[in-house]
Number of protein chains: 2
Amino acid sequence: MENRTVPPAGAEDAPACEAFCVHDEITRRALQKLPEENLLFDLAELYKMFGDSTRVKILFLLFEEEMCVCDIAESLGMTTSAISHQLRILKNAKLVTYRREGKSVIYALADDHVSKILELGLEHICE
Amino acid sequence: MENRTVPPAGAEDAPACEAFCVHDEITRRALQKLPEENLLFDLAELYKMFGDSTRVKILFLLFEEEMCVCDIAESLGMTTSAISHQLRILKNAKLVTYRREGKSVIYALADDHVSKILELGLEHICE
DNA sequence: ACAACATTTGAACAACTGTTCAAGTGTTAT
DNA sequence: ATAACACTTGAACAGTTGTTCAAATGTTGT
């Protein structure tokens, strides 16, 4: 990381905030590279999907193979209603797809971005 | 993905649920590979950190360079109190580190897992 | 048409989350 | 010691979230 105590040549070296409270140089540069509002919002929405135990479990199950609502519910020891609600959320976020097969509805991961994200998270935790 | 309509040899081919409601084969296999409860919980907790706009913005700012609370607050147009609360959450999750420097407290990303996760998310959205 | 089953849906509820506000702590300079 | 500033903290509040329950929809076999 950079050494904040050695300001770039030409910058005033006061590390204090306030009157020039904000370090104009720093905030201007940082803001310039900040992705735009909408993108950041969508990104947070995406991660929100992974931010619930039940949904993460569902995604891991589907990572192995596609499953019907009934099987997912049984696997996790939850009601089909609860699972269905979560699947709708995941479906809206385009993280899972589904198809009807007789009485059942089979859900599957939408693409392999999803599994990559799961794996990267696990990697971080197990480091 | 696998073709669920062609069951492995030896398995009964009834796609129906119920009496054998749950597809024992399938759920048993899926459950076997499911990471254990605690790990999944921690994973969800990790992603929860990225599941809020404000926190994502803070992380992106820190991705560019370390900053004090005051600068972050100014950059995002929020109060230092709100930012401080979020920084505490990120600090508890070990996603950021901090050090005191005079009156200021400088925050920085804890490691580059964080930036990798942010990048992967962006990649998914911008696909 | 009917019964049985798999799934979805909506309302209701408790639990959780993020921001605000006011008061607190810690640091520096006078 | 005092004042000024940077930051933190706790309580309170509104808004959001996940599960439950009951009722509805869709599909299949008789």
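Order of the sequence lines sets the chain letters (A, B, ...), proteins ahead of strands, with each chain counted from 1.
Under the side-chain hydrogen bond (donor to acceptor under 3.5 Å, both in side chains) criterion, A:Glu37 pairs with B:Lys57, sequence neighbours left out. Annotation: side-chain hydrogen bond (donor to acceptor under 3.5 Å, both in side chains) contacts of A:Lys116 (sequence neighbours excluded): none. Annotation: side chain to side chain contact (heavy atoms under 4.5 Å, CB included) contacts of B:Arg100 (sequence neighbours excluded): B:Val105. Residues that satisfy the side-chain hydrogen bond (donor to acceptor under 3.5 Å, both in side chains) test with A:Glu45, not counting sequence neighbours, are A:Lys48. In terms of the side chain to side chain contact (heavy atoms under 4.5 Å, CB included) criterion, residue partners of B:Leu59 (sequence neighbours excluded) are, by chain and number, B:Phe50, B:Leu90, B:Val96, B:Leu109, B:Val114, B:Leu118. Checked against side chain to side chain contact (heavy atoms under 4.5 Å, CB included), B:Ile125 has the following partners two or more places apart in sequence or in another chain: A:Leu39, A:Asp42, A:Leu43, A:Leu46.
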Each nucleotide N or O in nucleotides 21-30 of chain C that has a protein N or O under 3.5 Å away: list the pair and distance.
from	atom 1	to	atom 2	distance (Å)
C:dC21	N4	B:Ser81	OG	2.7

Under 3.5 Å between N/O atoms: give me all the protein pairs with nucleotides 15-18 of chain D, atom names plus distance.
from	atom 1	to	atom 2	distance (Å)
D:dG18	OP1	A:Arg55	NH1	3.0
D:dG18	OP1	A:Arg55	NH2	2.8
D:dG18	OP2	A:Arg55	NH1	3.3

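From A:Ile58, atom CD1 reaches atom CE of A:Met49 across 11.5 Å, with rounding to the nearest 0.5 Å.
Applying the ring-ring contact (aromatic ring centres under 6.0 Å, His included) rule to pairs touching residues 51-106 of chain A yields A:Tyr98-A:Tyr107, sequence neighbours excluded.
With rounding to whole Å, A:Tyr98 atom OH is found 8 Å from C:dT8 atom P.
OP1 or OP2 of C:dA6 has not a single side-chain nitrogen or oxygen of A:Tyr107 nearer than 4.0 Å.
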